[in-house]
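One structure is given below, encoded as structure tokens.
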Protein chains: 2
Amino acid sequence: MGNTKYKKIVNFITDKITRGEWSIGMKIPSQRELASLFEVNRSTVITALEELKAEGLLESKMGQGTMVTNNTWTLLGVSKPVNWNENVSLGFHKQSMKMVKDINEIETKKGHIQLGKSELSPEMFPAKQLKQIMKKVTGDLSPLSYEEPRGNYQLRQAICSYLEKKGIFTSPDSILIVSGALQALQLIAIGLLRKGSTIFLERPSYVFSLSVFQSAGMDLRGLPMDREGLLVNEISNNQEGKGNTVLYTIPTFHNPTGITLGEERRKELLHVCEKEQIPIIEDDVYGDLWIDDPPPLALKGRDRYGNVLYLGSLSKTLTPGLRIGWIVGPESVIERLSDLKMQTDYGSSSLSQRVALEWLSSGLYESHLSFVRQQLKIRRNVAVKALSQHLKGLASWSVPEGGFFIWVKIFRPLHNQHLFEKALAEGILLNPGNIYAHEANQYIRLSYSYASFEEINWGISQLGKILRSMQ
Amino acid sequence: MGNTKYKKIVNFITDKITRGEWSIGMKIPSQRELASLFEVNRSTVITALEELKAEGLLESKMGQGTMVTNNTWTLLGVSKPVNWNENVSLGFHKQSMKMVKDINEIETKKGHIQLGKSELSPEMFPAKQLKQIMKKVTGDLSPLSYEEPRGNYQLRQAICSYLEKKGIFTSPDSILIVSGALQALQLIAIGLLRKGSTIFLERPSYVFSLSVFQSAGMDLRGLPMDREGLLVNEISNNQEGKGNTVLYTIPTFHNPTGITLGEERRKELLHVCEKEQIPIIEDDVYGDLWIDDPPPLALKGRDRYGNVLYLGSLSKTLTPGLRIGWIVGPESVIERLSDLKMQTDYGSSSLSQRVALEWLSSGLYESHLSFVRQQLKIRRNVAVKALSQHLKGLASWSVPEGGFFIWVKIFRPLHNQHLFEKALAEGILLNPGNIYAHEANQYIRLSYSYASFEEINWGISQLGKILRSMQ
């Protein structure tokens, strides 16, 4: 039956296309090959291809054969979505975006030396303590269900006690549990801010590598920093109108520069933002990771006007795998955000929340932190020593007082994409500076939190060689 | 120091306001009361109030005293967000939205008879088996970390095997792990569809009670159903243009009607959607919960063109507390959605994913399902019997073949808000029909999955009394 045979070819090809095995733009096998594969006449193949062309899935180009041009989803506009990646006015080159995607992909694979990764090494994963926690959670296992809109009440209580020790006084009603700080930013972007709002932030900033605000139609306006952090008077200089601007800041162990805003600057910053009525988003996910001395009191701890939305998380201090973070702010804001969280995903994993609760309230959090701080100190020192040894005359850096990063300044400008690729060819994954601000192409964000001592040493020595070869 | 005293009042009031203790619109204490509270002259109070008025936080109205009008967040526009709740062209009255919010709030509290809840009763929570699973996960605990963008690979493999038994053949690359079906819809709305797209869906539908599509700027177009489900020919009748329309459907144990689309209708539906090039979102979160006989093969199982995005979840069959669901579709679509998921929350809880993996691959899922099906059968029968006893002459209903709901049709129209409130006064939480389509105000979505037998019986008998009193 010619009809059945031709259908077979149509089905085979549509399967290949719609299962994604044959991707758009790919040249499909020739008519001759298909005829032989299906043991049919070429005329049967042609009939099948004509049907697929009529459906818009294939297209023939003179001299180039037949290509996949579409599938039913792309016909709908999958390749041109509306809300995301469009209207994106990022403060850096397109190339960086591709680089960020590349990094994300390569990071999940094994075998690379991770000198860019913003995560604790598996060596610091507290398997023993977490097993203890899991046993407790398992023993007490009552039915899991949806949690309250703001998250598990006891967890929010535990976060209150934890924050109290840091000088931040709040109540469970002012806390929303989220699936990490990124989700916090996402909820704030879509739920609190107007389209066309301006986000002030440090330049460089980690947030330039994300698309969370830009995708929601907001503009990022980077403000200059000096060695002590954000230049506060730039806020008033750049202010355009009330009710349209918010400040995003990482005042402690800033990502990527590692800088901590001093006591006086913090006071100034709060004062200026209060005066100008600019709400502040304070990202404090690194704050507990001090190495030498505890950092100054968080902005939230000094906030007398409910002007600060404070973000915390277990991702950097324990593990990102739990996907647990929190937002602290005025109740009205938290209520709106929690409503939005419910509309988005009905809340974070109850299981993760119970584990987080035990972790925070058992005292294990504190003892684990002490261990992590010691480890980070050793790692930082290893990295700084290796830098002195292998990058002398090539670059400069400050020794960070906490967090994961050394912001290495290369003396001569260099092509970031080349640097990235050369390092990758040596098996080293680097985060070049232009990810965080396009003019920061003389920088590398060097992480000492993830790679082993040997990897840090070897990686930095290789980096020295690469930099020399690029001079 | 007068200055210190006046500052004290300013701080006290701003604290009250920004901590949300004094909400917007509230009348604050009189000048006299404040003067006595702070032991100052009235002139000091007036100075403080003037400053707060200048900041826009307070406002005096002749004869009405001084009111809270703002806090720094509302000045920014918290009360008028952009992306959400605006441009909302819902197919039902505003009142219903409030009702949904009320239901969500009351549901988390104890003490009500839940005749609307779409969740398995805690009595069916498999604590013993889950403890077993948790022990296994604890024993094998390797460092938790971010998962691959599409989610834990082994879990996706396990979902493939699970789907294979249901007649859906796919590969791990075609699966994205999400935090439940709502997040799936959220990602699809913001990542795949154009603003101004039309979503065809059954009318009534659960999705009318959500704002996920409308908030993203899409229009919901409800299509009529008969007793066998969606009237397929309405799709062609309503079609306006290609590339701008998608169909959302719950073909099996539809929420709220409980209807299952028959074999022939499924074929027709696929055929029409293929012809009109309308992609389908198939929500199958209830599919495993059949009571009498297994339902027909899912649309996805018949999909020859990658035209169907298929949604599944553990929320209805095991527990919503894990926040684990999945999307199955063409690789290109899954890739885009997984990129978006990473941009939104960096993936779902690793811990939940590991538990889900064990649950699906251990065989416990199947045995638990058998138990749940038995229980649902008993519960359904209890509910149907109670309906026959207490709602005879007042209403009619069909006996559902699976899922959680009986769609009860009241013979005489009635005010849904009154019904809701009267039931609530008796301690019964009901989901009236107008939540799911505004013209469905002669209906109640009665859930037999959550309340105990006694509660179902007593609740329905009370419902009968309430309905009689409202005739």
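Owing to the predicted nature of the structure, the values given are computational and were not obtained by experimental measurement.
For a residue to count as touching a neighbouring chain, one of its non-hydrogen atoms must lie under 4.5 Å from one of that chain's; by this rule A:S171 does not touch chain B. Looking at A:V178, there are no atoms closer than 4.5 Å to chain B (heavy atoms on both sides), in backbone or side chain. With a 4.5 angstrom heavy-atom cutoff, A:Q353 does not touch chain B via any of its atoms. Interface remark: B:I133 contributes no atoms to any contact with chain A (heavy atom separation under 4.5 Å). Contacts of A:E119 with chain B are made by side-chain atoms alone, with heavy-atom separations under 4.5 Å and no backbone atom involved. For A:M124, no part lies under 4.5 angstrom from a heavy atom of chain B. Residue contact with chain B, scored on non-hydrogen atoms closer than 4.5 Å, involves the backbone of A:S142 exclusively.
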- Task: Quick one: do B:L309 and B:L192 satisfy side-chain contact (heavy atoms from CB on, under 4.5 Å)? Show the steps, please.
- Result: CA-CA 11 Å; B:L309 269 188; B:L192 287 187; 3.7 Å; yes

- Task: Would you please test B:C273 and B:N307 for side-chain contact (heavy atoms from CB on, under 4.5 Å) and show each step?
- Result: CA-CA 8 Å; B:C273 286; B:N307 201 29; 3.9 Å; yes

- Query: A:Q114 and A:S121: side-chain contact (heavy atoms from CB on, under 4.5 Å), yes or no, with the steps?
  - Reply: CA-CA 10 Å; A:Q114 310 261 12; A:S121 166; over 6 Å; no

- What do the steps show when you test A:I334 against A:D173 for side-chain contact (heavy atoms from CB on, under 4.5 Å), and what is the final call? CA-CA 8 Å; A:I334 293 301; A:D173 284 349; over 6 Å; no

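Listed options B:P126, B:S352, B:S145, B:G139 were ranked by heavy-atom pairs under 4.5 angstrom with chain A; first place goes to B:S145. Of the listed residues B:L322, B:L141, B:L182, the one with more heavy-atom pairs under 4.5 angstrom with chain A than any other is B:L182. Counting heavy-atom pairs closer than 4.5 Å to chain A, the top-ranked of the candidates B:Q183, B:R323, B:E335, B:M342 is B:R323. Among the candidates B:G347, B:G321, B:S348, the residue making the largest number of heavy-atom pairs closer than 4.5 Å to chain A is B:G321.
Residues B:V308 and B:D303 share a closest heavy-atom pair of N-OD2, 3.1 Å. Nearest heavy atom pair, residue B:T138 against residue A:K131, reads O-CE, 3.2 Å.
Ion pairing between B:R336 and B:D339 fails under the 4.0 Å rule for side-chain N and carboxylate O.
Not a single donor-acceptor pair under 3.5 Å links the side chain of B:S350 to the backbone N or O of B:L144.
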